[in-house]
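Chain letters run A, B, ... following the sequence lines, proteins first and then strands; every chain starts at 1.
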Amino acid sequence: MEPLARIGRATIDVLAVLLDSEQPRWGLEIIKATGRPTGTVYPLLDRLERAGWVSSSWDEQGDRKGPRRRLYVLTHDGAAEARRICQRAAQRNALRISSIRPDLAR
Amino acid sequence: MTEPRYMRTALAISRLASAALPVSGASARYREQWEADIRGAAEMGLSPLRLALGTVVAAAQLAGTLRKDELMLASASPRETVDPLPRPALLTVSIVGGMMGALLSAISAIAIVGQSEDSLKARLDKEIGSGPLASPFDGSRVTAREEIISSGFKSTDAVLVNIGWIGIALAAVAAIVLLVLLVNTRVPSRLLLVGAFAANVYGGAQQAFELEVIPSISVLCSQLAQAVSVASGLMLMLPPVVRYYQRCSASRYLNPASA
């Protein structure tokens, strides 16, 4: 697994959505859950997949007709790294909130 | 059952977007993936048309990444070669787009300097002869030299007025391309630098060999090269600096004791 060159908020959102579920998630579900634009999420998933954080496969099990859906899931190493990044982001947010509004952080 | 018109439009847009991907395997994969997503958008409460427009943006970014991968494979120069450098040097190298970028920037800068020197020398040789220049105490020769130098700079400045409609159209296209490149940060910066370098060399060669042949094209090339150099410099400089600043501020947040 390769380290990511940059980890923005969109990356953290996508990793958090994938961490929430043990099952592979449909790409469109990730878009809906993160609330991020399509033009951001698809390239991000591609980047994560190339770096080995995420693996994807076609949904062959459904009895739906027509084009197959692409499902994404975190790899073992990707999940460990994603957990660490999401925890760090949460700590950072808590520190920010405590520096701006100490009353809310208590 | 026929599909509604908006669905057909959305599917057509996503197919065009996937067709623009440079690698056929990726094109086929995203065609099917996006088609499935657009057909399923309604059940997720999303707009198929909006989704299709998003695939165009995604395709533009994916195309940049795929081309970059192809270039990296072709040149077989892994990015990791810059890792052993110390941090300030790493920042400097990342600002100019890697080792190759640094080299091209240096050559490009030399080409710009050489170009103006060559053109002035050519004008001097043409207008006051190729013999040895007069001493600083020879009033007439020194005045002629100064006039030529100042007129050289003026003619370069005035070129934007003289380039005409073709030049304006070229400049407009260049501006649009630059805008797209600036928005799409994954475009290989080295290609841009190679373009700037090539345009510089062309403009410099035209001016150095014969100033009167196609003066407007040569000077236009030089101007465009400089504009591209500035734009590529900005494009290369801003994201790493912002990322470096973000990394520093993030480490301050995470390790408040070190701040």
Problem set entry | Distance in Å, B/Leu62 CG paired with A/Arg47 CZ, rounded so as to fall on 0.5 Å steps | 11.5 Å
For this session: For B/Arg8, look at atom CZ and say whether over 12 heavy atoms of other residues, nucleotides or ligands are found less than 6.0 Å away.
Result: yes
For this session: Might you confirm whether atom CZ of A/Arg9 has over 12 heavy atoms from other residues, nucleotides or ligands at distances under 6.0 Å?
Result: no
Seminar exercise, completed: Applying salt bridge (charged side-chain N to carboxylate O under 4.0 Å, His left out) to A/Arg68 and not counting sequence neighbours gives A/Glu60, B/Glu32
Exercise. From A/Asp59 CG over to B/Gln33 CD, what is the distance, rounded to the nearest 0.5 angstrom?
Worked result: 12.0 Å
For this session: Would you name the heavy atoms of B/Arg29 and A/Ser56 that are closest together and state the gap between them?
Result: NH2-OG, 3.9 Å
Problem set entry | Chi angles and distances behind the side chain to side chain contact (heavy atoms under 4.5 Å, CB included) call for A/Thr38, B/Leu46 | CA-CA 11 Å; A/Thr38 321; B/Leu46 298 169; over 6 Å; no
Exercise. Heavy-atom distance under 4.5 Å between the side chains of B/Val57 and A/Tyr42, does that happen here?
Worked result: no
Exercise. With sequence neighbours left out, what residues match B/Glu35 under salt bridge (charged side-chain N to carboxylate O under 4.0 Å, His left out)?
Worked result: B/Arg15, B/Arg39
Exercise. Should we say atom CD of B/Glu43 is surrounded by more than 12 heavy atoms from elsewhere, each under 6.0 Å from it?
Worked result: yes
Exercise. By a 4.5 Å heavy-atom criterion (distance strictly below it), what part of B/Arg31 contacts chain A: side chain, backbone, both, or neither?
Worked result: neither
